[in-house]
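Some notes on the structure that comes next.
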Amino acid sequence: MYEKIFFIGTGSVAKKCLEILKSNGKYFTCLNVEREDFPIVKTTCKRLGVEYKTFKSEELQNFLTNQTEKILIISAHNSYIFPRSVTNKENLTIINFHNAYLPYYRGRNAPTWEIYNDEKFGGATWHIVDSGIDTGNIILQEKISISDDETALSLLKKSAEKGIAIFEENFYTLFDISKGGGYNQSA
C-alpha cells in the first residue's frame, strides 16, 4: 500500500501516536518543522530508534514535493500548513488529528471557541488533509461532552486523549484509506 510513512507533530499526542506506530511494527520517519520548547518528540524518537529529520518550512515543502513513492503522512498536533504543492500530489495521502468535531471549529483554538459558543459537545477528528484548513474528508471522529465547568485546557486534554484512543483503536483503518476517500464515524 504505502512505500513510506512520515510522521509530523508535537507534544503528548504526537508522543503517544509515535509509540503506537512503533508498537504496531511500522517503519517510519519523523519530520519536524516546529521548534519544540520541550523536545518530547525528538526524545521519543531517540528512545524508539526512529529516524528524526528537522526542516525549515520551505525545506519541508521541497522535500515532500520531491517525493515520488506512495507515502502516508500522519499529522498529529502539528501547526505546519501543508501547501497546495504538497496536498495536490497524488502519491501523498495526509491524515491529520484535529481537536474538535469537524466540520465545526476548524483551525486553531477550537476548544476555546466551543466553550465560548456554549456548545454541548466538542470532539476529536482524524481527517484527510486537502488544500483548505481542516476541510478534508473525515475518516474517524467522536463527540466529547462539554460540562458546565469545562475549561479550554480540560477540553483540549479530553480531545487529545480521545484522538489518541481513536488512533489506537482504529489503527489499521487509518492505513486503509485512499487519497479521495474516507468515511464518517460519529459517536
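Numbering starts at 1 and runs along the sequence shown. Keep in mind that the numbers below use all heavy atoms, side chains included, and drop hydrogens, waters and symmetry copies.
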For [X] and [Y], which heavy atoms make the closest approach, and how far apart are they?
{"X": "Gln61", "Y": "Ser85", "result": "NE2-OG, 2.9 Å"}
{"X": "Ser159", "Y": "Ala100", "result": "OG-N, 4.2 Å"}
{"X": "Ala76", "Y": "Trp126", "result": "CB-CH2, 4.1 Å"}
{"X": "Ala160", "Y": "Phe97", "result": "CA-CZ, 4.1 Å"}

Looking at residues at least two apart in the chain, or sitting in another chain, which of them share a side chain to side chain contact (heavy atoms under 4.5 Å, CB included) with [X]?
{"X": "Ser12", "value": "none"}
{"X": "Ile133", "value": "Ile81"}
{"X": "Ile71", "value": "Lys4, Phe6, Gln67, Glu69, Ile73, Leu92"}
{"X": "Lys157", "value": "Glu161"}

Would you indicate whether the side-chain heavy atoms of [Y] and [X] approach each other to under 4.5 Å?
{"X": "Phe82", "Y": "Ser75", "value": "yes"}
{"X": "Val41", "Y": "Asn32", "value": "no"}
{"X": "Thr10", "Y": "Tyr80", "value": "no"}
{"X": "Asp134", "Y": "Thr125", "value": "no"}

- Item | Exceeds 12 heavy-atom contacts within 6.0 angstrom, atom CZ of Arg108 |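 Count not over threshold, so no.
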
[Y] reachable from [X] in the ILVMFWY side-chain graph, under 4.5 Å edges:
{"X": "Ile40", "Y": "Leu156", "answer": "no"}
{"X": "Leu155", "Y": "Tyr104", "answer": "no"}
{"X": "Leu72", "Y": "Ile166", "answer": "yes"}
{"X": "Tyr172", "Y": "Ile164", "answer": "yes"}
{"X": "Ile139", "Y": "Leu21", "answer": "yes"}

Checking [X] now: which residues fulfil side chain to side chain donor-acceptor pair (under 3.5 Å) with it, not counting sequence neighbours?
{"X": "Glu150", "answer": "Ser147, Ser154, Lys158"}
{"X": "Lys15", "answer": "Glu19"}
{"X": "Lys16", "answer": "none"}
{"X": "Ser145", "answer": "none"}

Just verifying a value: how many Å separate [X] [atom1] and [Y] [atom2], rounded to the nearest 0.5 Å?
{"X": "Ile94", "Y": "Lys89", "atom1": "CD1", "atom2": "NZ", "answer": "10.5 Å"}
{"X": "Leu18", "Y": "Lys26", "atom1": "CG", "atom2": "NZ", "answer": "15.0 Å"}
{"X": "Cys30", "Y": "Glu51", "atom1": "SG", "atom2": "CD", "answer": "10.0 Å"}
{"X": "Leu31", "Y": "Thr54", "atom1": "CG", "atom2": "OG1", "answer": "9.0 Å"}
{"X": "Ile95", "Y": "Phe167", "atom1": "CD1", "atom2": "CZ", "answer": "6.0 Å"}
{"X": "Asn78", "Y": "His98", "atom1": "CG", "atom2": "NE2", "answer": "13.0 Å"}

Which pairs of donor and acceptor atoms, one on a side chain in residues 109-123, lie under 3.5 Å apart (sequence neighbours left out)?
{"residue": "Asn117", "atom": "ND2", "partner": "Tyr105", "partner atom": "OH", "Å": "3.0"}
{"residue": "Asn117", "atom": "ND2", "partner": "Trp113", "partner atom": "O", "Å": "3.2"}
{"residue": "Glu119", "atom": "OE2", "partner": "Tyr105", "partner atom": "OH", "Å": "2.5"}

- What residues form a ring pair (Phe, Tyr, Trp, His ring centres under 6.0 Å) with Phe28, not counting sequence neighbours?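 In terms of ring pair (Phe, Tyr, Trp, His ring centres under 6.0 Å), with neighbours along the sequence ignored, Phe28 is linked to no residue.
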
- Task: Kindly say whether Gly132 contributes a backbone atom to a donor-acceptor pair with the side chain of Asp130 at under 3.5 angstrom?
- Result: yes

- Message: I'd like to know if the side chain of Ser23 and the backbone of Ile20 have a donor-acceptor N/O pair within less than 3.5 Å.
- Response: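 Side chain of Ser23 to backbone of Ile20, a donor-acceptor pair under 3.5 Å: yes, one is there.
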
- Given the rule in the side chain to side chain contact (heavy atoms under 4.5 Å, CB included) test, do Phe63 and Val86 qualify, once you have shown the distances and angles that lead to the verdict? CA-CA 10 Å; Phe63 175 78; Val86 173; over 6 Å; no

- Residues passing the salt bridge (charged side-chain N to carboxylate O under 4.0 Å, His left out) test with Lys162, sequence neighbours excluded, are Glu142

- Query: Which other residues belong to the hydrophobic cluster containing Tyr27, where Ile, Leu, Val, Met, Phe, Trp and Tyr are joined when side-chain heavy atoms lie under 4.5 Å apart, directly or via other members?
  - Reply: none

